[in-house]
Colleague: 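Here it is, the structure, as structure tokens.
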Number of protein chains: 2
Amino acid sequence: MKDAAFCTSSCPMTRTMSVLGGKWKLILIDHLGERRVRFGQLAQRVSLISRKVLTEQLKELEDDGIVRREAFAELPPRVEYSLTAHGLALLPILAQLRSWHCSAATAEVAAA
Amino acid sequence: MKDAAFCTSSCPMTRTMSVLGGKWKLILIDHLGERRVRFGQLAQRVSLISRKVLTEQLKELEDDGIVRREAFAELPPRVEYSLTAHGLALLPILAQLRSWHCSAATAEVAAA
DNA sequence: TAAACTAGTTACCTTCGCGTAACCATTGCC
DNA sequence: GGCAATGGTTACGCGAAGGTAACTAGTTTA
């Protein structure tokens, strides 16, 4: 989200969403995890995303200091993505979000 | 997000985003907090959102069991929104997200 | 000679999110 | 009679998000 009104909002949660908002951001961070992943691997894992959007989102995450990009001068070319310290700090929070959602799903099943 | 491919994805984080994804969801949950808030109050607090979208997002959150809506048969009409137990469980996680983003902002200032 | 592999980029087009503005019902107040 | 207040709903339209397909480079493989 490059929405200027969001980035400069006085609401802290709104500013947070200007970085993490968007359909794919949290999903990509989650799939990166603690590993170094190549572009093609990421595209396979998150199969619903198109390569174009994947490139864009990774670039935004890199600009925000969440993802690190390392390109190797090889042939065929190799590019590896990994989380920075800042990005790694998000992982435990994402784990809580996931379990929050899972607990809701099991509660629904129990109620039915 | 009513995207069917998201809701039925095998990836837990993707399914989580089908509920919490979207520009406004987390911001609205954050502004509701532990209080009961009237529709008009919410529209004032989150001034960037239009009333139309506010109605839509609240309805989706209600369908997902995160928000409770109580309408009173008065004149002029009064409608109060509050978080369900499920929604309340998100608040500590949102607090972590906020402080994660704040710590990043102060680190940038320190680096500059 | 042609194809395949990687990590993109680009042009093009469609879809959807979102904003704006007008409108509704009901009652009390002036 | 007309306006205000509340909590919406509706029609309309723009702009951005996102998908598809084609194209790039250099080397290996068939």
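Throughout, protein chains are lettered first and strands after them, A, B, ... in sequence-line order, and every chain is numbered starting at 1.
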Colleague: Less than 4.5 Å apart, side chain to side chain, heavy atoms only: is that true for Leu32(A) and Leu42(A)?
Modeller: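 Result yes, sub-4.5 Å side-chain heavy-atom pair found.
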
Colleague: Do Val37(B) and His31(B) have side-chain heavy atoms sitting under 4.5 Å apart?
Modeller: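 Side-chain contact under 4.5 Å: no.
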
Colleague: Nearest whole angstrom, please: distance from the P of dG8(C) to the CD of Glu70(A).
Modeller: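 Taking atom P of dG8(C) as the reference, CD of Glu70(A) is at 13 Å.
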
Colleague: Would you kindly give the NZ-to-C1' distance between Lys23(B) and dC18(C), to the nearest whole Å?
Modeller: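 Distance, rounded to whole Å: 7 Å.
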
Colleague: Check the distance between dT27(C)'s C1' and Arg78(B)'s CZ and give it to me in whole angstrom.
Modeller: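 Arg78(B) atom CZ is separated from dT27(C) atom C1' by 16 Å.
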
Colleague: Using a strict cut-off of less than 4.0 Å between a Lys/Arg side-chain nitrogen and an Asp/Glu carboxylate oxygen, indicate whether Glu70(B) and Arg78(B) qualify as a salt bridge.
Modeller: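 Answer for the salt bridge query: no.
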
Colleague: Can you work out whether Gly22(B) or Glu80(A) has the more 5'-proximal nearest nucleotide on DNA chain C?
Modeller: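 Residue closer to the 5' terminus by nearest nucleotide: Glu80(A).
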
Colleague: Of all the nucleotides listed (dG7(D), dG19(C), dT6(C)), which has the minimum atom distance to the side chain of Arg38(B)?
Modeller: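 The answer is dG7(D).
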
Colleague: Within residues 41-62 of chain B, find the residues that approach DNA chain C with a heavy atom at under 4.0 Å, and present them sorted by residue number.
Modeller: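 Listed by number, they are Leu48(B), Ser50(B), Lys52(B), Val53(B), Gln57(B).
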
Colleague: By ring-ring contact (aromatic ring centres under 6.0 Å, His included), which residues pair with His86(A), not counting sequence neighbours?
Modeller: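 Trp100(B).
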
Colleague: So, taking the atom named CG in Leu20(A) and the one named CG in Leu61(A), what distance separates them when rounded to the nearest 0.5 Å?
Modeller: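 It is 8.0 Å, given to the nearest 0.5 Å.
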
Colleague: Looking at Glu60(A) and Lys25(A), is any side-chain nitrogen of the basic one under 4.0 Å from a carboxylate oxygen of the acidic one?
Modeller: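 Yes, Lys25(A) and Glu60(A) are salt-bridged.
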
Colleague: Do Glu34(A) and Leu83(A) have side-chain heavy atoms sitting under 4.5 Å apart?
Modeller: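 No, every pair of side-chain atoms sits at 4.5 Å or beyond.
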
Colleague: Strictly below 4.0 Å, heavy-atom distances to any atom of DNA chain C: list the hits from residues 9-17 of chain A, or just say none.
Modeller: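 Listed by number, there are none.
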
Colleague: Is there side-chain contact between Met17(B) and Trp24(A), with at least one heavy-atom pair below 4.5 Å?
Modeller: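 Counting from C-beta outward, Met17(B) and Trp24(A) never come under 4.5 Å.
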
Colleague: With sugar-phosphate meaning primed atoms plus P, OP1 and OP2, does Phe72(B) contact a base, only sugar-phosphate, or nothing at under 4.0 Å between heavy atoms?
Modeller: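 It contacts nothing in the nucleic acid.
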
Colleague: Once you round it to whole Å, what is the distance between P of dC18(C) and CZ of Phe6(A)?
Modeller: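 Rounded to whole Å, this separation is 8 Å.
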
Colleague: Output the rounded distance in Å from CG (Leu28(B)) to P (dG17(C)).
Modeller: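 These atoms are roughly 16 Å apart.
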
Colleague: For a 4.5 angstrom cut-off between non-hydrogen side-chain atoms, does Arg38(B) reach Val79(B)?
Modeller: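 In short, these two side chains do not touch, never coming nearer than 4.5 Å.
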
Colleague: On DNA chain C, check which nucleotide each of Pro77(A) and Pro76(B) is closest to and give me the residue with the more 5' one.
Modeller: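 Its nearest nucleotide lies further toward 5', so the answer is Pro77(A).
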
